[in-house]
*Asks:* 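Starting off with a structure, shown below.
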Amino acid sequence: MLRNSVLTSIHAATKRYAASTVRNYSRRALTTTAAAFPDLRMETMVQTTTKHGMDVIHDPLLSKGTAFSLSERERLGIRGLVPPRTQEMDKQLQRIIRNLRECRTPLEKFVFMTALQDRNETLFYRLLIDNLQELSQIIYTPTVGDACKRFHSIYRRARGMYFSSLDRGQMAAMVHNWPHDQVDVIVVTDGSRVLGLGDLGANGMQIPIGKLSLYVAGGGIRPTSILPVVLDVGTNNEELLNDPLYLGMGHRRLDGEEYYSFVDEWVHAIQSRYPNALIQFEDFKYPHAYNLLHKYQDKICCFNDDIQSTSAVALAGVLAALKARGKPIDSLDEERIICVGAGSAGVGVCEGIVDCMVEQGKVKSREEAYSRIWMLDQHGLLGNSNIGAGDSGSTPLGAGDRANLDERQLCYLKKDLKDRLSLEDVVKAVKPTVILGLSGAPGVFTEGAIRAMADGVEKPVVFPLSNPTHQSECTAEQAFNWTDGRAIFASGSPFKDVEYKGKICKVNQINNAMSFPGLGLGITVSRASRVTGKMFMETAVTIANMASEEQLKSGVLFPGVGDLREVSKEVAIKVCEVAYDQGLARAQLRQGVSLKGVIEESMWDPEYVPTIRIDGHM
Ligand SMILES: NC(=O)C1=CN([C@@H]2O[C@H](COP(=O)(O)OP(=O)(O)OC[C@H]3O[C@@H](n4cnc5c(N)ncnc54)[C@H](O)[C@@H]3O)[C@@H](O)[C@H]2O)C=CC1
Ligand SMILES: CC(=O)C(=O)O
Ligand SMILES: [Mg+2]
């Protein structure tokens, strides 16, 4: 494979960065780039700008706050505009951390972090990277959920781009309003299913912003080359529609042909300016999420995060759990898996599990793999409506129209069990070894269901993966209490470890954030033209193999968000290898530099550029 292969030239992506002088480089990246291109050394050790005076201080991509040297202050016309003492980043961090700790609520911390990002991105990312475990909970789940709900109340300053129903016919021109010529990663949402919080319309903007902050902090993508986007096709959220402060379009959601042609106009517009950018579709409601993925995945470089990245990390969790139970990683077919939630994430995760069972070669057919998975939606089990009530003692779960199930969901329909069986009844009938929650419905993992599960298996795998924390299918404490501390546990949003009868029970976080930053890095470095299923499968296996024997024994399945940069490097290597193997990579290979070396070199690391000067001045 390509792990030991070498590059024939510094790949095109690195060269592209090197040639640009208006980017904000890390000192480390500058040094490596300058070493590869000696003629660029002078150019890349400095950052040039056409800005002057207050405009420099107020540009978050240029600003160093108090860290401008005296000569820079002279050159940039900012002498006297900042306090006299030059204070480097370490002192700035001390002040920032002290102020951050004084915020009383997570939302206050969120507003504080946003304000920092808006005035000094280098410092923002340094702080975030150095405190990733703690601060990812602020800029990402769970706090980002609260921030989305209140986006229209806490809104301060523009970030990202909005394309609304007012903009039909104008999008191709609008894309040129974005100030950066180089964009590598775009995260786009229509705000129709924001985490487990439902339709939040244009308020969903915080999700692309938060995800892209993780691309930068966790995947080393440059802050100048990311673009958060909201497609404002309206909202069906009555509360927002009636709120005079709501910032999105005040009409109900477009649907059908109107909706798909709107998205299509945007895709064409964005492609016309950024043909090589990776597009991440995020938090689109089912079935739009799948329909858009199928429409575009073979045409442009794109993927759906909720379907595909979630699938990679959830599969990684299940495979690591097999290892933690002392079973071989290729014994997935021996598991009995219940998935609560039949939407984008539930179906996506189960498809990944089925793909993996098929690849492991222990099942004779895809159908056999489907038979190992029992899927429930809000009405209960996807089962056989011809089996009469009372046959299995189930509780009726309310009216719902099974005719709405599509062919992706129907694969999981069980002919031998009554339709709409409750979770507890399914557990009793099936004796599952793994239970996954991707429903956005808090508390649906009931005590009865989890206790019944724990009766049948020594180490029940309990993964309530819905976000944010209060939408989780059960809490960590409940899972450990109801399984007598035996559960292998992971949640979508973080919970603290639990002490149960004197034993520390480990909580893992299974969140697609462990996957997408590394994917973005791998795609950017290899300049892959497409994102493929194989990339996600390899990502899953890579992450599943990251924990040591000792960690697995203690209940740790893989590294946490705090180690995201390390995880991203490994994922990026795999993604690059697949891109080259599948003939999708456009960056050239050559002798001399390992893939790992190139990936490490191309990761942006926030440090102030040594010298900023005005374009044309020495
Ligand atoms: N941990 C992670 O990385 C990720 C977690 N998620 C979470 O998964 C959840 C679902 O996301 P999507 O599938 O995209 O949403 P979706 O709207 O496409 O699907 C939700 C599904 O849950 C089902 N459901 C709703 N209430 C239910 C109930 N009471 N019992 C059983 N099923 C119920 C619905 O029928 C639907 O099938 C969200 O809360 C989201 O935060 C999604 C992506 C990644
Ligand atoms: C994590 C994520 O993408 C979600 O909850 O939708
Ligand atoms: Mg999502």
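Whatever order the structure lists ligands and atoms in, that order sets their numbers, starting from 1. All values below were derived from every heavy atom in this structure, side-chain atoms included, with hydrogens, water molecules and symmetry-related copies excluded.
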*Asks:* When you check the side-chain N and O atoms of Asn512 and Asp305, is any donor under 3.5 Å from an acceptor?
*Replies:*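 Side-chain D/A pair, Asn512 to Asp305: present.
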*Asks:* Please determine whether Glu282 has a backbone or side-chain N, O or S atom lying under 2.8 Å from the Mg ion (ligand 3).
*Replies:*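 A backbone or side-chain N, O or S atom of Glu282 is under 2.8 Å from the Mg ion (ligand 3).
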*Asks:* Can you tell which of Gln378, His288, Arg193 gets a heavy atom nearest to atom 34 (C) of ligand 1?
*Replies:*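 The nearest heavy atom belongs to Gln378.
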*Asks:* Could you establish whether Asn512 and ligand 2 come within less than 4.0 Å of each other, counting only heavy atoms on the residue side?
*Replies:*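 Flag set, Asn512 near ligand 2.
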*Asks:* Report yes or no: do Ser344 and Asp306 form a side-chain donor-acceptor pair below 3.5 Å?
*Replies:*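 Their side chains do not contain a donor-acceptor pair, so the 3.5 Å distance test is not met.
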*Asks:* Tell me whether the rings of Phe303 and Phe536 are parallel (<30°), tilted (30 to 60°) or perpendicular (>60°).
*Replies:*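 Aromatic pair Phe303/Phe536 classed tilted.
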*Asks:* In ligand 1, which numbered atoms sit nearer than 4.0 Å to a non-hydrogen atom of Tyr286?
*Replies:*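 Going through ligand 1 atom by atom, the ones under 4.0 Å from Tyr286 are 18 (O).
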*Asks:* Would Ala345 count as a polar contact of ligand 1, with the cut-off being nitrogen or oxygen pairs under 3.5 Å?
*Replies:*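 Looking only at distances, the answer is yes, because the N/O contact criterion of under 3.5 Å is met.
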*Asks:* With respect to the Mg ion (ligand 3), what is the nearest N, O or S atom of Asp283?
*Replies:*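 Answer by atom name: OD1.
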*Asks:* Counting non-hydrogen protein atoms only, what is the nearest one to atom 38 (C) of ligand 1? Give residue, atom name and distance.
*Replies:*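 I find the closest protein heavy atom is Leu195 O, 3.7 Å.
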*Asks:* Among side-chain atoms of Tyr140 and Asn511, is any donor-acceptor pair under 3.5 angstrom?
*Replies:*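 A donor-acceptor contact under 3.5 Å links the two side chains.
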*Asks:* Below 3.5 angstrom, do we get any N/O pair linking Asn467 and ligand 1?
*Replies:*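 Yes; the residue has a nitrogen or oxygen that sits under 3.5 Å from a nitrogen or oxygen of the ligand.
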*Asks:* So which heavy atom in the protein is nearest atom 18 (O) of ligand 1, and how far is it from that ligand atom?
*Replies:*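 Result for atom 18 (O) of ligand 1: Ser344 N, 3.1 Å.
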*Asks:* Has the side chain of Arg252 got a donor or acceptor atom that lies under 3.5 Å from a matching backbone atom of Leu254?
*Replies:*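 Checked: no pair found.
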*Asks:* Provide the number and element of each atom of ligand 1 under 4.0 Å from a heavy atom of Ala441.
*Replies:*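 Matching atoms, with element in brackets: 26 (N), 27 (C), 28 (C), 29 (N).
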*Asks:* As a test of understanding, state which of Arg150, Lys149, His152 forms a side-chain hydrogen bond (donor to acceptor under 3.5 Å, both in side chains) with Asn203.
*Replies:*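 The residue from Arg150, Lys149, His152 that satisfies side-chain hydrogen bond (donor to acceptor under 3.5 Å, both in side chains) with Asn203 turns out to be His152.
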*Asks:* Tell me the protein heavy atom at minimum distance from atom 9 (C) of ligand 1, and give that distance in Å.
*Replies:*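 For atom 9 (C) of ligand 1, the nearest protein heavy atom comes out as Ser466 OG, 3.6 Å.
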*Asks:* Counting distance only, does the side-chain N/O of Asp355 pair as donor-acceptor with the main-chain N or O of Val358 below 3.5 Å?
*Replies:*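 No, the answer is negative, given that no donor and acceptor are paired below the 3.5 Å cut-off.
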*Asks:* Which of the numbered atoms in ligand 2 are below 4.0 angstrom from a heavy atom of Lys211?
*Replies:*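 Listed by number with element, the hits are 1 (C), 2 (C), 3 (O).
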*Asks:* With no hydrogens and no angle check, do the side chains of Glu335 and Thr433 hold a donor and an acceptor under 3.5 Å apart?
*Replies:*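 Yes - a donor-acceptor pair under 3.5 Å links their side chains.
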*Asks:* Under a 4.0 angstrom heavy-atom cut-off, which atoms of ligand 2 come close to Glu282?
*Replies:*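 Every atom of ligand 2 under 4.0 Å from some heavy atom of Glu282: 3 (O).
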*Asks:* Quick one: look up the protein heavy atom nearest atom 31 (C) of ligand 1 and list residue, atom name and how far away it is.
*Replies:*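 Of every protein heavy atom, Asp377 O, 3.1 Å lies nearest to atom 31 (C) of ligand 1.
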*Asks:* Hydrogens and angles aside, do Asn237 and Thr235 bring a side-chain donor and acceptor to less than 3.5 Å of each other?
*Replies:*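 The answer is no; no qualifying pair exists.
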*Asks:* Say whether Tyr140 and ligand 2 are in contact under the criterion: heavy-atom distance to a ligand atom below 4.0 Å.
*Replies:*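 Flag set, Tyr140 near ligand 2.
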*Asks:* Tell me, which protein residue and heavy-atom name are nearest atom 5 (C) of ligand 1, and how many Å apart are they?
*Replies:*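 Ranked first by proximity to atom 5 (C) of ligand 1 is Leu465 O, 3.1 Å.
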*Asks:* What protein heavy atom is closest to atom 25 (C) of ligand 1, reported as residue, atom name and distance in Å?
*Replies:*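 Closest protein heavy atom to atom 25 (C) of ligand 1: Ser439 O, 3.5 Å.
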*Asks:* For residues Asn386 and Lys415, is any side-chain donor paired with an opposing acceptor at under 3.5 Å?
*Replies:*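 Short answer, no.
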*Asks:* Which atoms of ligand 2 have any heavy atom of Asp305 under 4.0 Å away?
*Replies:*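 Counting atoms of ligand 2 from 1, those under 4.0 Å from Asp305 are 3 (O).
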*Asks:* Give the atom numbers and elements of ligand 1 that come within less than 4.0 Å of a heavy atom of Val340.
*Replies:*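 What qualifies from ligand 1 is 31 (C).
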*Asks:* Would you say Ala342 and ligand 1 have an N/O pair spaced under 3.5 Å apart?
*Replies:*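 Ala342 vs ligand 1: N/O contact under 3.5 Å present.
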*Asks:* To which protein heavy atom is atom 1 (C) of ligand 2 closest, and what is the distance rounded to 0.1 Å?
*Replies:*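 The protein heavy atom lying closest is Asn467 ND2, 3.2 Å.
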*Asks:* Check each atom of ligand 1 against the heavy atoms of Gly196 and keep those under 4.0 Å away; list them by number with element.
*Replies:*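 Per the distance check, 38 (C), 39 (O), 41 (O).
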*Asks:* If we set the cut-off at 4.0 Å for heavy atoms, which region of Ile510 has an atom near ligand 1: side chain, backbone, both, or neither?
*Replies:*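 For Ile510, only backbone atoms sit under 4.0 Å from ligand 1.
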*Asks:* Does Asp306, backbone or side chain, put an N or O under 3.5 Å from an N or O of ligand 1?
*Replies:*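 No; every N/O pair is 3.5 Å or more apart.
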*Asks:* So if I count the atoms of ligand 1 from 1 in the order they appear, which ones are less than 4.0 Å from some heavy atom of Gly492?
*Replies:*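 Every atom of ligand 1 under 4.0 Å from some heavy atom of Gly492: 1 (N).
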*Asks:* Quick one: does any side-chain atom of Ser491 pair with a main-chain N or O of Pro494 as donor and acceptor, under 3.5 Å?
*Replies:*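 Pair absent, no side-chain N/O of Ser491 close to backbone of Pro494.
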*Asks:* With a 3.5 Å distance limit and no angle check, can you tell me whether Arg486 reaches the backbone of Lys459 through a side-chain donor-acceptor pair?
*Replies:*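 Judged by distance alone, no pair lies under 3.5 Å.
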*Asks:* Measure the distance from atom 10 (C) of ligand 1 to every protein heavy atom, then report the residue, atom name and distance (to 0.1 Å) of the closest one.
*Replies:*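 Going atom by atom, the protein heavy atom closest to atom 10 (C) of ligand 1 ends up being Leu438 O, 3.4 Å.
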*Asks:* If the plane angle is over 60° it's perpendicular, under 30° parallel, otherwise tilted; pick one for His288 and Tyr260.
*Replies:*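 The arrangement is perpendicular - the two ring planes meet at more than 60°.
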*Asks:* Using a 4.0 Å heavy-atom threshold (strictly under), name the region of Asp306 that reaches ligand 2: side chain, backbone, both or neither.
*Replies:*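 Just the side chain.
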*Asks:* Side chains of Asp406 and Tyr286: is there a donor and an acceptor less than 3.5 Å apart?
*Replies:*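 On atom types as modelled, these side chains qualify, holding a pair under 3.5 Å.
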*Asks:* Where the side chain of Tyr290 meets the backbone of Gly348, is there a donor-acceptor pair that is under 3.5 Å apart?
*Replies:*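 Present.
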*Asks:* Below the 3.5 angstrom mark, is there an N/O of Val444, backbone or side chain, next to an N/O of ligand 1?
*Replies:*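 N/O-N/O distance below 3.5 Å does not exist for this pair.
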*Asks:* Short question: side chain of Asp184, backbone of Ile226 - any donor-acceptor pair under 3.5 Å?
*Replies:*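 Looks like no, no N/O pair under 3.5 Å.
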*Asks:* By number and element, which atoms of ligand 1 are closer than 4.0 Å to a non-hydrogen atom of Gly440?
*Replies:*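 Counting from 1, the qualifying ligand atoms are 9 (C), 39 (O).
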*Asks:* Tell me, which N, O or S atom in Asp306 is closest to the Mg ion (ligand 3)?
*Replies:*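 The Mg ion (ligand 3) is closest to the Asp306 atom OD1, counting only N, O or S.
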*Asks:* Look only at interatomic distance and state if Val313 has a nitrogen or oxygen under 3.5 Å from any nitrogen or oxygen of ligand 1.
*Replies:*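 Between Val313 and ligand 1, no N or O pair is found under 3.5 Å apart.
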*Asks:* Judged by modelled atom types alone, do Tyr246 and Glu239 share a side-chain donor-acceptor pair under 3.5 Å?
*Replies:*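 No, because no side-chain N or O of Tyr246 sits under 3.5 Å from a partner of the opposite role on Glu239.
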*Asks:* Counting N and O atoms only, with roles assigned by atom type, does the side chain of Ser466 sit under 3.5 Å from a partner on the main chain of Ser439, one being a donor and the other an acceptor?
*Replies:*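 Yes; judged by distance alone, with no hydrogens or angles, the pair exists.
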*Asks:* Among protein heavy atoms, which lies nearest atom 19 (O) of ligand 1, and at what distance?
*Replies:*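 For atom 19 (O) of ligand 1, the nearest protein heavy atom comes out as Gly343 CA, 3.2 Å.
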